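Worth knowing before you read on, the calculation uses all heavy atoms, side chains too, and leaves out hydrogens, waters and symmetry mates. Just so we're clear, the structure is a prediction, and the values are computed from it rather than from any experiment. Chain A is the first sequence line, chain B the second, and so forth, proteins listed ahead of strands; every chain is numbered from 1.
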Amino acid sequence: MHVAALVAALLSAAEPAQSGALAAPPAAEEPPRSAPAEATPKKDAPDKLLGIQLSLGVPDGFGASAIVRPLPWVRVDGGLAYNVLSLGLQGGVTVMPWTGRVTPTLRLGMGQFFESDVRDEVGSFPDALDPALRNFGYRFYTAQLGLELGDENGMQFFVRGGLAWVRSDLDSTTFVEGDTTVTAEDSDLSATVPSIQLGLLWHIW
Amino acid sequence: MKNALTAALAVSLAGCGLLEAEAESKNLCVHQTNMADVVAAPAGSVSLALPFDLVLDMGAAVPDLDEEGVELDIRPSAITLGSASGDVDFSGVEALTLVVQPPTNRADLTPAEFRYQRPTPVPTSVRELAAVPVQPVDLAEYLEGDALRLRASFAGQAPQRDWTATLELCSASKVTVNYWDRITD
């Protein structure tokens with residue numbers, strides 16, 4: 001009886017030591033599971049899917065778009081545009097070879113502006129084209145290289161530059177001036193211009 | 001240094017077609033009525049040259065070429081001579097030659113010739129004569145102000161009644177505006 005109690009007492013007294021002794025090796029041999037995440041912070045890939053983009057540029061004017069980032073290295077945008085003369089739609093795809101506080105980008109975009117009077121803007125074209133330029137809508141395509149600065153999961157400022165191709169098919173026109181009638185059929189207007197765009201990205205969700 | 005850099009950039013941009021707009025019409029027709037009153041040709045005449053120029057007003061079809069950076073290209077497909085009344089019979093005309101005169105200050109240009117040849121078999125009624133260019137030509141170089149001057153001569157029997165000439169020029173036309181030239185000037 002006394003021997004049993006003594007053994008129990010000895011065992012209970014030994015347990016903390018044993019625990020400590022037993023515990024120490026795991027601490028030395030097997031680091032706690034949470035340690036890797038705390039000790040070595042991993043670089044988070046951008047993980048927000050949706051956001052908005054506000055932009056100002058040539059030839060797309062003012063833009064307000066929704067953005068979707070299905071993969072960390074690609075983003076799709078689409079929304080409204082306003083070039084002072086008319087409203088339009090615009091969108092694009094941006095590819096980012098790597099992401100960070102400074103992110104290089106390649107964006108291919110396109111858009112369509114609805115009809116407006118552009119005679120005073122383009123100037124220098126024959127009077128015979130006035131009827132067509134009075135209701136002129138155009139589509140454009142852009143290819144731009146850029147940089148995005150800021151938090152890839154928050155707000156970023158961007159600047160892009162490249163080329164834009166502007167195209168429009170003109171309506172057939174008939175223009176009468178005195179004894180002269182001018183008809184123009186199968187006409188189009190095109191331009192190649194530098195393209196610049198500045199703006200903000202806000203990754204929200 | 002700044003001017004040299006600007007000039008180099010202008011040349012490279014112009015060569016690449018940047019800052020450039022282009023309007024093109026594949027079928028641009030200028031039709032002018034009441035060009036000139038032509039007296040009846042005598043019966044049995046075998047040739048007749050009109051003793052005056054036909055002046056075709058191209059004002060509405062061409063831009064202001066005095067503006068910097070504006071270029072024009074006019075490639076004609078045909079010049080058609082007709083009558084204002086529409087009922088003058090040209091079936092007696094065997095051939096028509098229309099010659100576009102170069103501007104007085106362009107001695108380097110030769111007149112541009114357009115020809116109509118009556119088809120065989122001879123049609124019973126011909127209301128207009130469509131003359132085509134003898135060789136490719138850019139009529140933009142022949143503009144004097146906003147007008148083209150033409151001389152007309154008939155082979156065969158010209159109309160034996162007084163008539164008022166009309167003229168229609170159809171062409172492929174292209175206007176190019178280089179905005180860089182305007183910016184740098």
Side-chain angles (χ1 to χ4, degrees), chain A residues 57-59 83 85 113 117-144 161-196, chain B residues 9 12-36 55-72 74 84 140 146-148 164-183:
Chain A
V58 174
N83 67 358
L85 297 174
F113 279 101
D117 187 343
V118 299
R119 287 171 297 166
D120 290 339
E121 311 312 316
V122 297
S124 300
F125 289 108
D127 293 343
L129 292 179
D130 274 2
L133 296 177
R134 197 175 293 134
N135 294 296
F136 179 75
Y138 65 90
R139 60 188 179 278
F140 63 89
Y141 308 90
T142 57
Q144 299 167 318
L163 283 179
W165 295 268
V166 180
R167 296 287 183 271
S168 177
D169 295 322
L170 302 178
D171 294 337
S172 295
T173 64
T174 300
F175 183 86
V176 181
E177 189 174 67
D179 289 335
T180 304
T181 301
V182 181
T183 56
E185 297 176 346
D186 200 5
S187 306
D188 60 70
L189 184 68
S190 62
T192 304
V193 297
S195 173
I196 302 169
Chain B
L9 189 57
S12 61
L13 284 175
C16 293
L18 294 182
L19 285 183
E20 194 173 86
E22 186 178 278
E24 185 173 8
S25 289
K26 292 186 173 59
N27 189 25
L28 178 73
C29 291
V30 179
H31 183 92
Q32 187 169 333
T33 58
N34 300 320
M35 290 207 70
V55 180
L56 182 62
D57 181 8
M58 299 283 289
V62 301
D64 183 358
L65 296 175
D66 292 331
E67 285 196 41
E68 199 63 46
V70 177
E71 295 177 3
L72 174 64
I74 302 175
D146 287 343
L148 293 172
T164 301
T166 67
L167 212 61
E168 180 176 77
L169 165 66
C170 287
S171 62
S173 178
K174 183 162 70 177
V175 178
T176 304
V177 181
N178 190 307
Y179 295 101
W180 181 259
D181 288 348
R182 298 186 170 196
I183 294 171

Atom pair [atom1]/[atom2] of [X] and [Y] - distance to nearest 0.5 Å:
{"X": "A/Thr173", "Y": "B/Leu28", "atom1": "OG1", "atom2": "CG", "value": "8.0 Å"}
{"X": "B/His31", "Y": "A/Thr174", "atom1": "NE2", "atom2": "OG1", "value": "12.0 Å"}
{"X": "A/Asp179", "Y": "B/Thr166", "atom1": "CG", "atom2": "OG1", "value": "11.0 Å"}

Which atom of B/Asp57 lies closest to which atom of A/Thr180, heavy atoms considered: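 Nearest heavy atoms, B/Asp57 then A/Thr180: O-CG2, 3.8 Å.
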
Segment of A/Glu185 engaging chain B (4.5 angstrom heavy-atom cut-off):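 The answer is both parts of A/Glu185.
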
Side chain proximity check, A/Asp188 to B/Lys26, heavy atoms < 4.5 angstrom: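 Counting from C-beta outward, A/Asp188 and B/Lys26 do come under 4.5 Å.
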
